[in-house]
Amino acid sequence: MGAATANVSPHPLLVQAVRPLLPNQQCWSWSFSLHRSSSSAMTTRYYRMLAVWKKNFSRLYARRMMELAIASAAAHRLRTQAEASIIKPIEWQDWQRKDWDDTALASVGRTKFQRFWMAAKRVTQLTVLSTPLMVLVPLSYVSQQAHVAAWNYALWGIEQAGPTWIKLMQWASTRQDLFSPEFCQHFGKLRDETEGHSWEETKQILEAELGEKGLESLKIEERPIGSGCIAQVYQGRLLEPSIHYPKGTKLAIKVQHPGIWSKVCVDFYIFHKVAKFLEELPYLGLEYLSLVDSIRQFRDVMIPQLDLTIESSHLKRFNKNFASNDQITFPRPLDELTTDKVLVETFSDGKPIIEYTKDETPKPEREQLAKLGLEMTLQMIFLHDFIHGDLHPGNILVEGRYPKLKLHVLDCGLALEMGPEQHVNIVKVLGAFTRRDGTLAGQLMVDMKSESQANEEQRRRFIEGIEQICIMDEDQNFIECVGDYIADICSMACKNRVKLEGAFVNAALAVEIMEGLASALYPDLKVQQVALPLIVKAEMMHRLGWH
């Protein structure tokens, strides 16, 4: 028979397998002649080639596995290096939440009768202060003069009521989403200036706290440069060199208002009783708003402000946290001249950041300031777990010229700290919201509080509600609209008996306040672009989603 042949093109994988053995041959153009008259020889050749191919396929597979192993090891090394570069706050090592219950109660009274008597006197004082408003408010609807008088008296009355009420109004005046523009405008004056005390009272406090030797080292101007709800501030200079600063260094001297400790403690005792009463009312479901927890957290950050040595420690910690960023600075305290009622710190020059919201400010300057302020706040929340609790525009000064603008942050007595357990929960929740994973965010919020009494159906409805918020937020971002959604989340929590974590609300409000300022500076700022990298770093810090 004639030798009939069939030409068969090799498979590309066979070509790849044979190529390492035959580098000089055109193996990709081979053709194999299959002779019908020599099937035995053809079979032998076939099996030999198959053995060669099998061997080279094994080599290729081993090579590919080695490449994957090397890539995995490199990724693991990079991940480990990234995690190692993000250091958890050292304060978490021996972290324990300070409980001010005993301190506050002891200041109100040792017995129930004493505490009742102090609370009754305080309620009477507040009632007397508010009585004229009961007349002025109705008259304000028919008389413009009464309308002006009502607002002016309300402002004066809040100042007379004491630090707790001033602080509440300072916060409320930043929430234009909750209160009218007129309300925010009038009470916003409390963020810049409040009624202070006399120079004679200041001298008495300075002499009692610093002594003659301390006073001799300072030159203090008698006219205060500012007054807040806790203390008023004077400008001065060093007449003698201190441990860390030379003679002539400009200083800010903060002196606490006299007689405020008792007012603050009694106010929080009353707030606690009222919040507890409201939570125990049937059918309203107010216990799921964590009113008592929120009052306790507010108290625990308010009372430390009455000890200016604590503010000094806050300044040191903020300076340490932002030591690598020369565009964010805080005053530095002089420990040798600081007591619980007097704080001496370096002076910060600059213009209030609110002045840069004006139209004549160049757009690049406003954009840089908006990013700086927002990034600073988010770093406090996600990386440092140490949040300035009073970031209104009056406490942020701007120094320098574009592009070397610098933020000076003042009044650090009010600081919020969550601790490692609450912090990881907040990172999980806000991370889920930022990625628009409403189901995960809702589930985390339900699981965050062990006191939650929601049944399976209520849990399901709450989670679906959070998912709906993320769906509605598709074109924006939760963090960019956090103020708009907090009320909806609180409402859903009440309806479905889900107890919210107070730290989540506080962190969200801190973001909302700074986001409002950032929007006033640069409305086109995309918060997500600033927030997402920091959230990822926080997740790496807690080893979330990496192992």
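Numbering starts at 1 and runs along the sequence shown. Given the structure is predicted, the values throughout are model-derived calculations rather than measurements. Values below: every heavy atom of this structure, side chains too, minus hydrogens, waters and symmetry copies.
Here the two rings, on Trp156 and Phe187, have centers that are 6.0 Å apart or farther. Between His384 and Phe322, the ring centre distance stays below 6.0 Å.
Going from atom CG of Leu369 over to atom CG of Leu525 covers 11.5 Å, rounded to the nearest 0.5 Å. Rounded to the nearest 0.5 Å, atoms CG (Asp385) and CE (Met418) are 4.5 Å apart. Taking CG of Asn395 as the start and CD1 of Ile353 as the end, the distance is 11.5 Å to the nearest 0.5 Å. Of the inter-residue distances, the one linking Ile158 atom CD1 with Met169 atom CE reads 5.0 Å to the nearest 0.5 angstrom. Leu397 CG to Ile354 CD1: the interatomic distance, rounded to the nearest 0.5 Å, is 12.5 Å. For the atom pair Asn321 CG and Phe330 CZ, the distance stands at 8.0 Å (nearest 0.5 Å).
No side-chain heavy atom of Lys537 sits less than 4.5 Å from a side-chain heavy atom of Val427. In this structure the side chain of Gln368 never reaches within 4.5 angstrom of the side chain of Glu365, judged on heavy atoms. Residues Ile396 and Leu391 have side chains in contact (heavy-atom distance under 4.5 Å, counting atoms from C-beta outward). A 4.5 Å side-chain heavy-atom check between Met380 and Glu375 finds every atom pair outside the cut-off. With contacts defined as side-chain heavy-atom distances shorter than 4.5 Å, the pair Lys363/Tyr522 qualifies. Within the 4.5 Å cutoff, the side chain of Ile253 has no heavy atoms near those of the Thr202 side chain. Residues Leu155 and His186 form no side-chain contact, since every pair of their non-hydrogen atoms from C-beta on lies 4.5 Å or further apart. Within the 4.5 Å cutoff, the side chain of Val264 has heavy atoms near those of the Ile303 side chain.
Under a 3.5 Å cut-off, the side chain of Ser143 and the backbone N or O of Leu139 do not form any donor-acceptor pair. Side-chain atoms of His388 do not come within 3.5 Å of backbone N or O of Gly413 as any donor-acceptor pair. Using modelled atom types, no side-chain atom of Thr249 and backbone atom of Tyr245 make a donor-acceptor pair closer than 3.5 Å. A donor-acceptor distance shorter than 3.5 angstrom exists from the side chain of Glu201 to the backbone of Ser198, with no hydrogens or angles considered.
The nearest pair of heavy atoms linking Lys167 to Cys229 is CE-SG, 3.5 Å. For the residue pair Pro331 and Asn319, the shortest heavy atom distance occurs at O-ND2, 3.1 Å. Across every non-hydrogen atom of Gly438 and Ile466, the tightest pair is O-CG2, 3.4 Å. When all heavy atoms of Ala538 and Leu383 are compared, the closest pair comes out as N-CD2, 3.9 Å. Nearest heavy atoms, Thr338 versus Ser312: CG2-CB, 4.2 Å. Of all the heavy atoms in Leu308 and Leu343, the pair that sits closest is CD1-N, 3.7 Å.
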What do the steps show when you test Phe268 against Trp261 for ring pair (Phe, Tyr, Trp, His ring centres under 6.0 Å), and what is the final call? CA-CA 11 Å; Phe268 279 108; Trp261 176 268; over 10 Å; no
Derivation of the salt bridge (Lys or Arg N to Asp or Glu O under 4.0 Å) call for Glu417 and Arg317:
CA-CA 12 Å; Glu417 188 175 10; Arg317 184 167 173 184; 3.1 Å; yes
What verdict does the side-chain contact (heavy atoms from CB on, under 4.5 Å) test give for Phe382 and Thr377, after you've listed the backbone C-alpha separation in whole Å, the side-chain angles of each residue and the deciding distance to 0.1 Å?
CA-CA 9 Å; Phe382 291 115; Thr377 305; over 6 Å; no
- Task: Show the numbers, then the answer: is there a side-chain hydrogen bond (donor to acceptor under 3.5 Å, both in side chains) between Gln256 and His197?
- Result: CA-CA 9 Å; Gln256 188 181 101; His197 58 265; over 6 Å; no
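Test Ile220, Ile225, Leu251 against Gln235 for side chain to side chain contact (heavy atoms under 4.5 Å, CB included) and you get one pass: Ile225.
Note: Phe318 and Phe386 have tilted aromatic rings, judged against thresholds of 30 and 60 degrees for the angle between ring planes.
Side-chain contact check for Trp151 and Glu182: at least one donor-acceptor pair (N or O, by modelled atom type) lies under 3.5 Å. With 3.5 Å as the limit, one finds a donor-acceptor pair spanning the side chains of His542 and His423. Glu195 and Gln160 are linked by a side-chain donor-acceptor pair at a separation below 3.5 angstrom, with hydrogens and angles left out of the test.
Using a 4.0 Å cut-off between a side-chain N of Lys or Arg and a carboxylate O of Asp or Glu, Lys406 and Asp326 do not qualify as a salt bridge. Ion pairing of Glu240 with Lys219 is absent here, as no side-chain N (NZ or NE/NH1/NH2) approaches a carboxylate O to less than 4.0 Å. Comment: Glu367 engages Lys371 in a salt bridge, judged by a side-chain N to carboxylate O separation of less than 4.0 angstrom.
Sorted by first then second residue, the side chain to side chain donor-acceptor pair (under 3.5 Å) pairs that include residues 339-354, not counting sequence neighbours, are Glu209-Thr339, Lys250-Asp349.
Thr439 is linked by a side-chain hydrogen bond (donor to acceptor under 3.5 Å, both in side chains) to Glu467, counting only residues two or more places apart in sequence or in another chain. Every residue meeting the salt bridge (Lys or Arg N to Asp or Glu O under 4.0 Å) condition with Lys254, not counting sequence neighbours, appears here in chain and number order: Glu311, Asp411.
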